Each structure stands twice: as C-alpha cells, then as structure tokens.
Amino acid sequence: MKRNTRSDCNDQGKYFPQHVCDKAQAKTIECFNESFSPIADVQKFPVFDIPVVLAEVELQADVEVDIKLPTPAREIKWTRKNVSLKQCKAIPSIQRPGFVKLFITGVLHKNFQYVEDCSGYVKDYSVDVPFSCIQQVQVFNRVIEFPSQKASVDERIFLDKKGHGADQFTAGSVTFEFYNEPIECKLLFSAVNELDIYKKFDRFGHFEKVTEKIEINLGFKLLQNQQFNPKLFQPKPKPFAFACKPVLPVHKMTQSTTEKTARERFLENINGMNRIR
C-alpha cells in the first residue's frame with residue numbers, strides 16, 4: 001500500500017491540491033450469489049414492489065410573523081400565497097410502536113401588491129415565511145425497517161497452536177447492513193387562514209408593518225416502498241350453489257357510510273366555506 005505523504009503547503013506558502021485517499025491492493029476478489037423466487041401465484045411470481053400508504057396526515061402549523069414592507073403602503077390590493085415543503089422526514093418511534101416522529105420544515109411564500117397613495121403604480125413585494133413542526137404521528141400500515149450492526153461486536157477467536165488460549169495472530173468479525181426504504185411524503189393539499197394587522201401608521205395614513213397570525217393546514221401521505229403480495233388480499237371464491245335462492249336487493253354503500261380520505265374531508269370543508277359566503 002502506497003503511503004500518502006501529502007502536506008498542506010510548500011515552502012513558498014502555496015497550497016497543493018488535495019490528493020486522493022490511500023488505496024489498498026486486493027489479492028483476491030470472489031463473488032457468489034443465490035437467487036430465490038418471490039412468494040406469490042397470481043402471475044408466475046406475482047410480487048410487486050410498490051409505494052404503500054402508511055397513513056394520511058392532516059397537520060396544522062400556527063405561525064405569527066412581522067413583515068416590514070420596503071415602502072409605506074396606503075392599501076394592499078392583492079396577496080398571493082403558496083406553501084411548499086423543504087423537509088419531510090419520518091423516523092419510526094422506539095418508545096411507541098405504530099408511531100413515527102415527523103420532522104416538517106416548510107415555507108409560506110407571500111406576494112404583496114400594494115399602492116403607496118390614492119393613485120399611482122402598484123408595487124410588488126415578495127417574502128418567505130419559514131415554519132417547522134415536530135410531531136408524533138400514528139401509522140396504520142407497518143413500517144418495514146431492520147437495524148444494522150457495523151461495529152465489530154461478533155468476533156471470531158481461534159485457538160492457538162498449543163491449545164492454551166486465543167491465537168493472537170488470527171481474528172475475524174461479522175458485520176452487516178440493511179438498506180431500508182425511506183419514508184416519503186406526498187403533499188396533497190394546503191390551506192392558509194390568516195389575520196393581518198397593519199401597524200406603524202404615519203400622519204398621512206400610511207403603514208409599513210404587517211403582523212400576521214397564520215394557520216397553515218397541510219394534508220399529505222406517508223409512503224414507503226414495500227414488497228406486496230396481492231394473493232394475501234384476494235377475496236375467497238364463494239362455493240357454487242346448486243339450489244336456487246331468492247335474490248335479495250343489493251343496497252349500494254353510500255358515501256356517508258364509508259370512511260373519507262383526507263382530500264375528501266378537505267374538499268368538504270372548502271365547499272362548506274363557499275356555502276357560508
């Protein structure tokens with residue numbers, strides 16, 4: 001193995017470019033494999049690797065922020081809002097099985113269009129309002145995750161030639177790593193409910209500060225890629241009946257008797273707001 005003799009600078013004080021790390025030459029490399037068929041029988045081997053929905057989550061973040069306009073305004077004509085997530089990470093909880101710790105970081109982008117006087121040009125100003133939450137969320141499908149062991153805990157010790165103790169010249173260990181599928185977030189909807197309070201008025205009726213009390217509502221899915229066997233969830237075929245039986249009317253299941261998704265509940269709330277108006 002060649003030794004890396006790099007130094008940070010030479011005699012003239014100029015820095016050398018960073019060299020690559022040391023490399024060891026392998027004497028022998030051998031590879032072996034054993035293949036196993038997936039367990040299923042709809043197709044020849046009907047197993048799918050698909051995103052499994054762990055839970056649908058509705059999250060609410062309450063934010064209070066002071067926004068200073070670049071110039072004093074007489075009236076805000078229009079405000080546009082957009083919500084985006086910068087981070088959505090989930091870690092299975094070791095204290096409460098069936099729950100995950102959810103780390104959310106997002107940005108509420110606001111665009112103000114305002115006028116400085118009774119007449120004149122409409123000015124445009126944009127600002128980002130960051131928010132973050134850490135929540136414990138229940139999941140309804142099991143998270144598939146296996147721990148790894150990277151430290152040399154399981155060691156191989158050999159007997160010495162005399163049979164009186166451990167061989168000091170031969171040793172070994174066992175380590176292993178599982179590469180788990182991460183839990184992903186898929187944003188379904190967002191809603192922003194806010195109260196704006198204008199402050200710092202001058203004697204001409206202009207203000208330059210807006211205090212906002214904001215309720216940010218997010219709806220998203222938690223998903224994890226898992227191996228899925230469709231045979232386990234197929235309905236059992238009914239036995240063939242030779243005797244004729246009276247056919248009873250089939251009552252269709254109405255929407256009120258089924259459990260609604262997060263998106264459907266959100267649409268009902270929005271429609272209810274429109275009816276009130």
Side-chain angles (χ1 to χ4, degrees), residues 29-61 83-107 130-156 172-191 216-237 253 255 257-267:
I29 298 178
E30 295 182 358
C31 301
F32 304 92
N33 79 84
E34 186 175 2
S35 179
F36 302 93
S37 62
I39 301 174
D41 61 2
V42 178
Q43 300 169 335
K44 185 177 180 180
F45 301 109
V47 169
F48 309 107
D49 196 19
I50 59 175
V52 174
V53 181
L54 305 178
E56 288 188 347
V57 183
E58 294 182 10
L59 186 141
Q60 183 183 101
V83 178
S84 60
L85 295 181
K86 303 301 180 183
Q87 173 188 256
C88 184
K89 299 294 184 181
I91 304 175
S93 176
I94 61 174
Q95 288 187 332
R96 298 191 65 184
F99 287 79
V100 297
K101 285 296 180 73
L102 192 62
F103 297 81
I104 294 288
T105 302
V107 171
F131 64 92
S132 61
C133 296
I134 301 176
Q135 294 288 301
Q136 186 168 251
V137 177
Q138 183 179 5
V139 293
F140 300 91
N141 283 321
R142 186 167 66 94
V143 180
I144 306 299
E145 189 176 69
F146 301 97
S148 299
Q149 179 178 303
K150 300 183 66 174
S152 299
V153 177
D154 296 333
E155 297 184 354
R156 289 190 177 93
S173 63
V174 177
T175 62
F176 54 87
E177 292 179 295
F178 285 103
Y179 302 100
N180 299 294
E181 291 282 356
I183 301 175
E184 303 289 346
C185 294
K186 181 179 180 181
L187 190 61
L188 300 177
F189 61 82
S190 64
I216 302 175
N217 298 279
L218 301 174
F220 51 89
K221 292 181 180 180
L222 295 178
L223 306 109
Q224 185 189 38
N225 280 344
Q226 297 181 5
Q227 188 165 298
F228 174 74
N229 184 358
K231 179 187 175 183
L232 300 178
F233 301 93
Q234 287 184 350
K236 295 182 180 180
M253 185 176 295
Q255 185 68 17
T257 58
T258 59
E259 187 177 357
K260 297 181 177 60
T261 63
R263 191 194 297 268
E264 292 171 344
R265 291 194 296 270
F266 174 72
L267 291 176

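Everything numeric in this text was worked out from a predicted model, so none of it was measured. Side chains are part of it too, since the values below use all heavy atoms of this structure and drop only hydrogens, waters and symmetry mates.
One distance of note links OG1 of Thr105 with CD1 of Ile134; it measures 8.0 Å at 0.5 Å rounding. Considering CD1 of Ile144 and CD of Gln224, their distance stands at 6.5 Å, rounded to 0.5 Å. Taking CG of Leu54 as the reference point, atom CG of Leu223 lies at 7.0 Å (rounded to 0.5 Å). Going from atom CD of Gln138 over to atom CG of Leu222 covers 12.0 Å, rounded to the nearest 0.5 Å. To the nearest 0.5 Å, the span separating CZ on Phe220 from CD1 on Ile104 amounts to 4.0 Å. Note that CD1 of Ile91 and NZ of Lys101 are 9.0 Å apart. Values are rounded to the nearest 0.5 Å.
Panel note: side chain Ser148, backbone Phe178; a donor-acceptor pair is recorded below 3.5 Å. Between the side chain of Gln87 and the backbone N or O of Ser132, no donor-acceptor pair lies under 3.5 Å.
Identified under the salt bridge (charged side-chain N to carboxylate O under 4.0 Å, His left out) test for residues 172-186, with sequence neighbours left out: Lys150-Glu177.
Using a 4.5 Å heavy-atom cutoff, the side chains of Asn217 and Ser190 are not in contact.
Contact detail for Cys133 and Leu59: the closest heavy-atom pair is SG-CD2, 4.1 Å. In plain terms, the two heavy atoms of Cys185 and Leu102 that are nearest each other are SG-CD1, 4.4 Å.
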(request) Could you please spell out the steps behind the side chain to side chain contact (heavy atoms under 4.5 Å, CB included) verdict for Val107 and Lys86? (result) CA-CA 7 Å; Val107 171; Lys86 303 301 180 183; 3.8 Å; yes
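With sequence neighbours excluded, no residue forms a ring-ring contact (aromatic ring centres under 6.0 Å, His included) with Tyr179.
For Phe146, the CZ atom is loosely surrounded, since the number of other residues' heavy atoms within 6.0 Å does not exceed 12.
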